[in-house]
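Okay, so here's the structure we're looking at.
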There are 2 protein chains.
Amino acid sequence: MPDSLDPPAAARTQTNRARRSTGRSVLSDVAKLAGVSTATVSRVYNEPDKVSANVRERVEHAALTLNWFPNAAGRALASTRSHIAGIIIPTLDDRVFASQVSGMQAAFAARGITLVLGCSNYDPAQALTQVRAMLARGVEAMAVVGEAHPAELFDALRLYRVPYAVTYAYRKDSPHTCIGFDNHAAYAEITEHLIGLGHRAFAVCIQPTRDNDRVQARVAGIRATLERHGLAVRPEHMFEGESTMGFGRRSLRTIWQASGERPTAIICGNDHIALGVLREAEELGIAIPGELSVTGFDDLEMAQEIRPALTTMRVDTYEIGQLAAQYLLDTLDGKRPLHGHEVHALFQLRQSTGPAAR
Amino acid sequence: MPDSLDPPAAARTQTNRARRSTGRSVLSDVAKLAGVSTATVSRVYNEPDKVSANVRERVEHAALTLNWFPNAAGRALASTRSHIAGIIIPTLDDRVFASQVSGMQAAFAARGITLVLGCSNYDPAQALTQVRAMLARGVEAMAVVGEAHPAELFDALRLYRVPYAVTYAYRKDSPHTCIGFDNHAAYAEITEHLIGLGHRAFAVCIQPTRDNDRVQARVAGIRATLERHGLAVRPEHMFEGESTMGFGRRSLRTIWQASGERPTAIICGNDHIALGVLREAEELGIAIPGELSVTGFDDLEMAQEIRPALTTMRVDTYEIGQLAAQYLLDTLDGKRPLHGHEVHALFQLRQSTGPAAR
DNA sequence: TTGTAAGCGTTATCAC
DNA sequence: GTGATAACGCTTACAA
């Protein structure tokens, strides 16, 4: 008779136990085995010093015996803390982003936070989708590379009160917290260097500017600097393409085959492209830096090994990742950290740049 | 009086609402606004065709209005499905692993599964820690690079009935499902190639073998092949070091400075190292391949651009990632997919290898 | 096709 | 210091 009220519940419990066919145990199993309440078990893991040593020991032993550890979903639901953070990068194919992820992951892991990675493939729509998915996962903080994203992306982050940082790029008057370097200034520095060497005719081989504020800033940095000296890049010397040696090689060939005045310096969007230019120059018998100066960006190991060694700039992207994580952790801790953090790109003067040819 | 029973509950609800200070709405809010039950809202997102078009529309509209989307933790808890998969790689610094992650992520994302990444930094203990963390997160499937991991790692995976695959390495008689290529065979092929060219004295410059079954297999492949021809690498011609050009350069210098017979071929653990050897050879005035043959692995873009172009092998690691994801998805779907999948490393014959010098 | 209500595995409030 | 027990946001039998 007493049963008659229970059957459904009993059956259900049965079902659940059955569904979890494995030996997977739950917190209450541990509590039972240790002879304490569930609250106590929870305390052992969340506020250990509020539990007597004796009890703590029993619980830990029971947990070990049952091979139990807390279920993250249950935890997240009850505590309204997911212990998840997210990062959106364009692609893992570029090591500057990969190392940023490493840096963030290391810093977050040290605080028990899992980093979830999303790649946008340079597509704003994908970035938005990824952010939404992360919001659904209850990310507590987010980092996104660059600020060329749909307004909805940042709106969603604000609406859900998720602290975030824009990384890789730094702009003083950005509405976002930025942790990175000033792309505009970096390319201005490169350009000044070349102008200082007497160059007046420039070519630029750079990654696609579309949907990419970092690259846009670089181009703007070049343009503004040249303009200040009454100079400009001729449209036919402006090349946009993938980040490969192949693109660099093709661009230089095109430039050299064209009639008209040749540039005496080529500013490249990164080392891959610059390495391609250097390679093609060798093929075409162009003297570097005698006849042509070339600059890169990123400072790959090959940049200092190739002959002539490549003049380029170096940025510590692993550090950017760590700083971003630190900023976000501080924010979560309720500290009011500085608004953003500028990292500096360091100029590496090598042999691929020299005085302009006559 | 009636109140006297309720206050706690009422206060609690109050507290909870307060805690969620933002406009963050929950499923029941949507249900209320749409004038349906919570079950129906759930169905709209999980079994859409079991809901009439009219109702579905109302719910979707309500969700949009309230800016609601399902909370993953609640979902995971109720459905006992986390929609999370994990991958453990040694490091993101190596693009072969980074692209594997990309491939997996793309394949999983297409099925609504979030990929969580863990880096072991080539440390078995860290790999184990990461796997445990992922288990706590309720990963539904896992991929781990290589099989040189603590037994507890695979035990835990089995205990929790989480389907997994070992990636990057493939070994026919492995106890695990492998998706990758045969490192032993690949290096046997390289070695055969050189032997076929008449080489009899070899040097090897390779990554650390410790805790790394892939590298161990490569060395074993070289050794077994040489042995079959009655040959062996002299201990003083066996170098282990980081995966950099610098290591390649230093190794060659050491070899060339030593007294005693010089090798006529150097087998490198990857292209970075080989590129360093090539660079140092240039510096030392060693003719490649006249005086010395050099091989790499991975086929970086630079391998075909450098002069002489580097003989190496190419593996599609993005594909490995995709295949691994597919295998895991099939397993989750209850299909019984083939046991593992072998991908092939493709030999790229270029100019850095040639007939052995007299 | 839709609603009711129990339960997923934790944490957190309150009382003891 | 410890225990009861109600949430947390969702899914899913089962009933209607």
Side-chain angles (χ1 to χ4, degrees), chain A residues 5-20 24-32 34-56 58-59 66 68-83 136-138, chain B residues 5-20 24-32 34-56 58-59 63 68-83 136-138:
Chain A
L5 286 168
D6 271 342
R12 191 74 88 68
T13 301
Q14 185 67 18
T15 305
N16 293 331
R17 287 260 145 215
R19 186 200 294 159
R20 152 163 39 96
R24 218 127 154 169
S25 25
V26 297
L27 184 144
S28 59
D29 298 335
V30 176
K32 201 174 302 166
V36 299
S37 71
T38 59
T40 299
V41 175
S42 177
R43 276 188 211 105
V44 169
Y45 293 89
N46 297 308
E47 314 166 288
D49 21 73
K50 290 195 174 176
V51 177
S52 69
N54 166 31
V55 171
R56 197 187 318 148
R58 259 162 47 214
V59 169
L66 294 176
W68 174 87
F69 40 72
N71 169 304
R75 226 181 138 124
L77 206 48
S79 65
T80 60
R81 287 213 47 188
S82 66
H83 297 272
R137 292 242 167 251
Chain B
L5 285 167
D6 269 342
R12 191 75 88 69
T13 300
Q14 185 68 17
T15 304
N16 293 331
R17 287 262 144 212
R19 184 200 296 160
R20 154 162 38 95
R24 217 126 152 171
S25 25
V26 297
L27 184 143
S28 58
D29 298 334
V30 175
K32 201 173 303 164
V36 299
S37 72
T38 59
T40 299
V41 175
S42 177
R43 278 187 209 107
V44 168
Y45 292 89
N46 297 309
E47 314 166 288
D49 20 74
K50 288 193 175 177
V51 177
S52 69
N54 166 31
V55 170
R56 196 186 319 147
R58 257 161 49 214
V59 169
W68 173 88
F69 40 72
N71 168 306
R75 225 182 141 130
L77 208 47
S79 65
T80 61
R81 287 212 47 188
S82 67
H83 297 274
R137 293 242 167 250

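Just the heavy atoms: all of them, side chains too, but no hydrogens, waters or symmetry mates, feed the values below. Chain identifiers are assigned alphabetically (A, B, ...) following the order of the sequence lines, protein sequences preceding nucleic acid strands; residue numbering begins at 1 within each chain. A quick note: this is a predicted structure, and the numbers were derived from the prediction, not measured.
- Side-chain contact, B/Asn71 with B/Arg24: no donor N or O sits under 3.5 Å from an acceptor N or O.
- Of the listed nucleotides (D/dG9, D/dT11, D/dG3), D/dT11 has the atom at the smallest distance from the side chain of B/Arg75.
- Checking C/dT2, C/dT10, D/dT12 against the side-chain heavy atoms of B/Thr40 singles out C/dT2 as nearest.
- For A/Pro70, taking side-chain heavy atoms from C-beta onward, the closest of the listed nucleotides D/dG9, D/dG3, C/dT10 is C/dT10.
- At a threshold of 4.0 angstrom between heavy atoms, the contacts of B/Val41 with the nucleic acid are absent.
- Spacing between atom CZ of B/Arg58 and atom P of C/dG3 amounts to 8 Å, rounded to whole angstrom units.
- For B/Arg43, counting side-chain heavy atoms from C-beta on, the closest listed nucleotide (D/dG3, D/dT11, D/dA13) is D/dA13.
- No N or O donor and acceptor, one from the side chain of B/Arg24 and one from the base of D/dG9, sit under 3.5 Å apart.
- Atom NZ in B/Lys32 sits roughly 12 Å away from atom P in D/dG9 (whole-Å rounding).
- At whole-Å resolution of the value, CG in B/Asn71 and C1' in C/dG9 are 14 Å apart.
- Residues B/Ala73 and A/Ala76 share a closest heavy-atom pair of CB-CB, 3.8 Å.
- The nearest whole Å value for the distance from the CG atom in A/Leu27 to the P atom in D/dG3 is 12 Å.
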| field | Steps toward side-chain contact (heavy atoms from CB on, under 4.5 Å) verdict (B/Arg75, B/Asn46) | value | CA-CA 11 Å; B/Arg75 225 182 141 130; B/Asn46 297 309; 3.1 Å; yes
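- No side-chain heavy atom of B/Val51 sits less than 4.5 Å from a side-chain heavy atom of B/Glu47.
- For B/Ala78, the listed nucleotide lying nearest its side chain is C/dC8; candidates were C/dG3, C/dG9, C/dC8.
- The CG-P distance, from A/Leu77 to C/dG9, rounds to 12 Å in whole Å.
- Atom CZ of B/Arg137 and atom C1' of C/dT10 are 13 Å apart (whole Å).
- Scanning residues 46-55 of chain B for heavy-atom distances under 4.0 Å to DNA chain D yields B/Asn46.
- Taking the side chain as every heavy atom from C-beta outward, A/Leu66 and A/Lys32 never approach each other to under 4.5 Å.
- Looking at A/Arg56, its side chain has no donor and acceptor atom pair within 3.5 Å of the base of D/dG1.
- Across all strands shown, A/Phe69 has heavy atoms under 4.0 Å from sugar-phosphate atoms exclusively, and none from any base.
- The minimum heavy-atom distance linking A/Val59 with A/Tyr45 is given by the pair CG1-CE1, 4.1 Å.
- The two residues B/Arg137 and B/Ser82 have their closest heavy-atom pair at O-CB, 4.0 Å.
- Contact of the A/Arg58 side chain with the A/Val44 side chain is not registered, since no non-hydrogen atoms from C-beta on lie closer than 4.5 Å.
- Ranked by how close their nearest DNA chain C nucleotide is to the 5' end, B/Ala76 and B/Thr38 are led by B/Thr38.
- Taking 4.0 angstrom as the limit, B/Ser37 places a side-chain polar atom (N or O) nearer than this to OP1 or OP2 of C/dG3.
- Look at NE2 on A/His83: it is 9 Å from P on C/dT11, rounded to the nearest Å.
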